[in-house]
Colleague: 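Below you'll find the structure I mean.
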Number of protein chains: 2
Amino acid sequence: MGRPGPNASPTLEQVARAAGVSRATASRAINGLPYVSEKAREQVAHAVEVLGYRANQVARSLATRRTGSIALVMSEPGNFVLSDPFFARVLRGIYSGLSGSQLQLVLLMTNEQDEDGFARYLCGGHVDGALVVSLHGEDPLPSLLVEAGLPVVLGGRPLVRVDAPYVDVDNFNGACLAARHLIDTGRTRVATIAGPADMAVGMDRLSGWRRGMAGTGFPTDAVAHGDFTVEGGAAAMRRLLESHPDLDAVFAASDLMAVGALQTLQAAGRRIPEDVAVVGFDNLDIAATASPPLTTVRQPIEEFGRTMTWRLLAQLSGEAGLPPSILLQTELVRRESA
Amino acid sequence: MGRPGPNASPTLEQVARAAGVSRATASRAINGLPYVSEKAREQVAHAVEVLGYRANQVARSLATRRTGSIALVMSEPGNFVLSDPFFARVLRGIYSGLSGSQLQLVLLMTNEQDEDGFARYLCGGHVDGALVVSLHGEDPLPSLLVEAGLPVVLGGRPLVRVDAPYVDVDNFNGACLAARHLIDTGRTRVATIAGPADMAVGMDRLSGWRRGMAGTGFPTDAVAHGDFTVEGGAAAMRRLLESHPDLDAVFAASDLMAVGALQTLQAAGRRIPEDVAVVGFDNLDIAATASPPLTTVRQPIEEFGRTMTWRLLAQLSGEAGLPPSILLQTELVRRESA
DNA sequence: CTGAAAGCGCTTACAG
DNA sequence: CTGAAAGCGCTTACAG
């Protein structure tokens, strides 16, 4: 393969020779292991400096079976994730959880074109583990990774059975709190704008709402689905208004959908909260700046990212007795819309 | 290191044994190389299937000195990039440029905590090359990568001399077009809201504006700097209005800043474009939906990402005589604001 | 078409 | 504290 060109990276071999020690000693010195004489340590450090040596991580990985990096896998078309404020905050939490760990975070987005290269990359030893977020429907990716022996932590409860731990927000309970708040404040005809039926987060918030309504004797048939966007929320609200014109409250499964609902309701001449009370979910910035300010269910987004990371790191370090799933608390934030 | 556990990934050695061939033949069969008998090919394929073999990419990389992946490095705090519509489109262009290449794109964000691990990752052989975008000031990263021998393509002209090719948009000419359009439509007191002074894109749009104004005899002293955000644009506009109340036109170096300028101007009772003409830069969606719709300079964002990718791939495949830099055309888009 | 062997650049028991 | 040697899992001239 040709001899080392002028700009070939120096190898450990060359460092060792320059320092007058063996490869083994050079390796130990570089990695800060004990049992290296002060003299050897200095000579190696000097040689590294002079040669501009950088360890070949690939070779190191092959020997240690560790890569020093983990992946964050996003099962969404990139451009969607990239403009979602939710993910930006999850990411911040992940970085925060990673700080001090010496691990590099590598982001991967599913690229329609090349599902295969994707799995090959992850299962091929490039990373020590993976965080998988925003799963849709019955995405087979998690199972694939788990079967390949890759440590995986899922962000959000998976819809299908898969033998991987997950961290989730207590969507069920949060939605239940929202429904109860509406009931407790005197509402009797409560509708909901649910999330997509192919995502656990959508399903859990719908079940939670049903649980909150249960036993009140009030009907729970006013349900419309949205796609977590403002436009989707507005459209769902229009449908609800048509099918259930007597509604006096609505729980939207996301703040963005709640904002859309607000628009539709106001356009229809309904006063918020006098005529219709509105509760959202997420507690994004937009909830506080909406008009009227939105009563909503807070979920700890950064904490969500941080916890996923913690869980994966714990697994990587071989900790025993780890919980198969972790649920983060949600709480009602009261503002003016309900 | 213990013998292969029950869930250890099968190796090529095991596949070869199961198929009754040598490691060399198994390798050739798996990689689709010529000179493998049909029989051997079938036996290997069968063994791969049965054992669930996946090539260890790390070992393969060590042998071939290729990783099959490239990095997209973003020199911005993650949460910033993640909510920028510009980047989402650049990313789309990159993926499009990558399609059919068999290369995995890996995203890296500079993490304040760990600059070091960052360079180690990139220079340590994890990737075959890197795309570096949104450089700030005198970021030493590109030089570092280049010195380590990593093929690099920069997105945007670097402010400091660095021996790496770059792809950029013709910001200079675009800004020049904007200034000339204002002059040609009869404006005589033209201000500009420039970008940050530590980014080439900011500087180039300012120089271009100066070039466009040159020779007209009109003054070019009405300059305020913004940070490419709506708020920054609004604040800069306030300063300009105070220092140069007689201005009759303003060129903002980004659409977001132009929108901010619009807000300030309208709040001050100036009519657009009757009293003050406004031109932006970028041609984001927001330019068309602003009121009044914004005259702006279009830059081909997806094409920008696609071209960076093309340039890096060309370099990786050893193509000769590649241009050290590529400039993408910009053009004026006329709407109502000027 | 095929296999034995060398090599990619590191780490790590093992025996001093 | 140190070094010779084996090994991580692959690829690829080289010689059949």
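Below, chain A is the first sequence line, B the second, and so on; all start at residue 1.
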Colleague: Within residues 20-31 of chain B, find the residues that approach DNA chain D with a heavy atom at under 4.0 Å, and present them sorted by residue number.
Modeller: B/Arg23, B/Ala24, B/Ser27, B/Arg28, B/Asn31
Colleague: Among pairs that include at least one residue of residues 44-62 of chain B, which meet side chain to side chain donor-acceptor pair (under 3.5 Å), considering only residues two or more places apart or in two chains?
Modeller: B/Asn31-B/Arg60
Colleague: Please enumerate all residues that pass side chain to side chain contact (heavy atoms under 4.5 Å, CB included) together with B/Arg28, with sequence neighbours excluded.
Modeller: B/Ala24, B/Thr25, B/Leu33, B/Val36
Colleague: Could you measure the distance from the CG atom of B/Leu62 to the OG1 atom of B/Thr67? Nearest 0.5 Å is fine.
Modeller: 12.5 Å
Colleague: Write down the distance between CZ (A/Arg41) and C1' (D/dT2), rounded to a whole number of angstrom.
Modeller: 13 Å
Colleague: How would you list, by chain and number, every residue that makes a salt bridge (Lys or Arg N to Asp or Glu O under 4.0 Å) with B/Glu302, sequence neighbours excluded?
Modeller: B/Arg89, B/Arg92
Colleague: List the atom pairs, donor and acceptor, that lie under 3.5 Å between side-chain atoms in residues 154-167 of chain B and the rest of the protein, sequence neighbours left out.
Modeller:
{"unit_1": "B/Arg157", "atom_1": "NE", "unit_2": "B/Asp204", "atom_2": "OD2", "d": "3.1"}
{"unit_1": "B/Arg157", "atom_1": "NH2", "unit_2": "B/Asp204", "atom_2": "OD1", "d": "2.6"}

Colleague: Could you state the atom-to-atom distance from CZ of B/Arg17 to C1' of C/dG3 in whole Å?
Modeller: 15 Å
Colleague: For residues B/Leu145 and B/Cys123, report the shortest heavy-atom separation together with the two atoms involved.
Modeller: CD2-SG, 3.8 Å
Colleague: Among all residues two or more places apart in sequence or in another chain, which pass the salt bridge (Lys or Arg N to Asp or Glu O under 4.0 Å) test with A/Glu147?
Modeller: none
Colleague: Counting only side-chain nitrogens and oxygens, does B/Arg65 get under 4.0 Å of the OP1 or OP2 atom of C/dG9?
Modeller: yes
Colleague: Using heavy atoms to find the nearest nucleotide of DNA chain C for B/Ala59 and B/Glu38 separately, return the residue whose nucleotide is more 5′.
Modeller: B/Glu38
Colleague: Restricting to non-hydrogen atoms, name the atom on A/Pro10 and the atom on A/Gly52 that form the minimum distance, rounded to 0.1 Å.
Modeller: CG-O, 3.9 Å
Colleague: Mind checking what makes side chain to side chain donor-acceptor pair (under 3.5 Å) contact with A/Thr11, not counting sequence neighbours?
Modeller: none
Colleague: Strictly below 4.0 Å: does A/Ser37 bring a side-chain N or O up to OP1 or OP2 of D/dT2?
Modeller: yes
Colleague: Please list, chain by chain and in numerical order, all residues satisfying salt bridge (Lys or Arg N to Asp or Glu O under 4.0 Å) with A/Glu13, sequence neighbours excluded.
Modeller: A/Arg17, A/Arg23
Colleague: In whole Å, I'd like the distance from the CG atom of B/Leu33 to the C1' atom of D/dA13.
Modeller: 13 Å
Colleague: Identify the stems formed by DNA chain D, where each pair is Watson-Crick or G-U wobble with both distances under 3.5 angstrom and a stem is at least 3 consecutive pairs.
Modeller: C:1-3 with D:14-16, C:5-12 with D:5-12, C:14-16 with D:1-3
Colleague: For nucleotides D/dT12 and D/dG16, find the distance between their C1' atoms and express it as a whole number of Å.
Modeller: 16 Å
Colleague: Restricting to ring pair (Phe, Tyr, Trp, His ring centres under 6.0 Å), what partner residues turn up for B/Tyr121, sequence neighbours left out?
Modeller: B/His126
Colleague: Can you pull out the residues from residues 44-56 of chain A that lie within a 4.0 Å heavy-atom distance of DNA chain D?
Modeller: none
Colleague: Take atom OH of B/Tyr35 and atom C1' of D/dT11, then tell me their distance rounded to the nearest Å.
Modeller: 18 Å
Colleague: I'd like a table of donor-acceptor pairs (distance under 3.5 Å, sequence neighbours excluded) in which one partner is a side-chain atom from residues 306-322 of chain B, with atom names and distances.
Modeller:
{"unit_1": "B/Arg306", "atom_1": "NE", "unit_2": "B/Glu303", "atom_2": "OE1", "d": "3.3"}
{"unit_1": "B/Arg306", "atom_1": "NH1", "unit_2": "B/Ser96", "atom_2": "OG", "d": "3.1"}
{"unit_1": "B/Arg306", "atom_1": "NH2", "unit_2": "B/Glu303", "atom_2": "OE1", "d": "3.0"}
{"unit_1": "B/Thr307", "atom_1": "OG1", "unit_2": "B/Glu303", "atom_2": "O", "d": "2.7"}
{"unit_1": "B/Thr307", "atom_1": "OG1", "unit_2": "B/Glu303", "atom_2": "OE2", "d": "3.3"}
{"unit_1": "B/Thr309", "atom_1": "OG1", "unit_2": "B/Gly305", "atom_2": "O", "d": "2.8"}
{"unit_1": "B/Arg311", "atom_1": "NE", "unit_2": "B/Pro323", "atom_2": "O", "d": "3.0"}
{"unit_1": "B/Arg311", "atom_1": "NH1", "unit_2": "B/Gln315", "atom_2": "OE1", "d": "3.0"}
{"unit_1": "B/Arg311", "atom_1": "NH2", "unit_2": "B/Pro323", "atom_2": "O", "d": "2.9"}
{"unit_1": "B/Ser317", "atom_1": "OG", "unit_2": "B/Leu313", "atom_2": "O", "d": "3.3"}
{"unit_1": "B/Ser317", "atom_1": "OG", "unit_2": "B/Ala314", "atom_2": "O", "d": "3.0"}

Colleague: Determine the Euclidean distance between corresponding P atoms of C/dA6 and C/dT2; express it in Å to zero decimal places.
Modeller: 22 Å
Colleague: Within this structure, what is the CZ-to-C1' distance between A/Arg60 and D/dG9, rounded to whole angstrom?
Modeller: 18 Å
Colleague: Whole angstroms only, please: what is the CG-P distance between A/Leu62 and C/dC10?
Modeller: 12 Å
Colleague: Taking the P atom in each of C/dA15 and C/dT11, what is the distance between them to the nearest angstrom?
Modeller: 22 Å
Colleague: Using atom CG of B/Leu12 as one end and atom P of D/dG9 as the other, report the distance to the nearest whole Å.
Modeller: 11 Å
Colleague: How close or far is atom P of D/dC1 from atom CD of A/Glu42, stated in whole angstroms?
Modeller: 14 Å
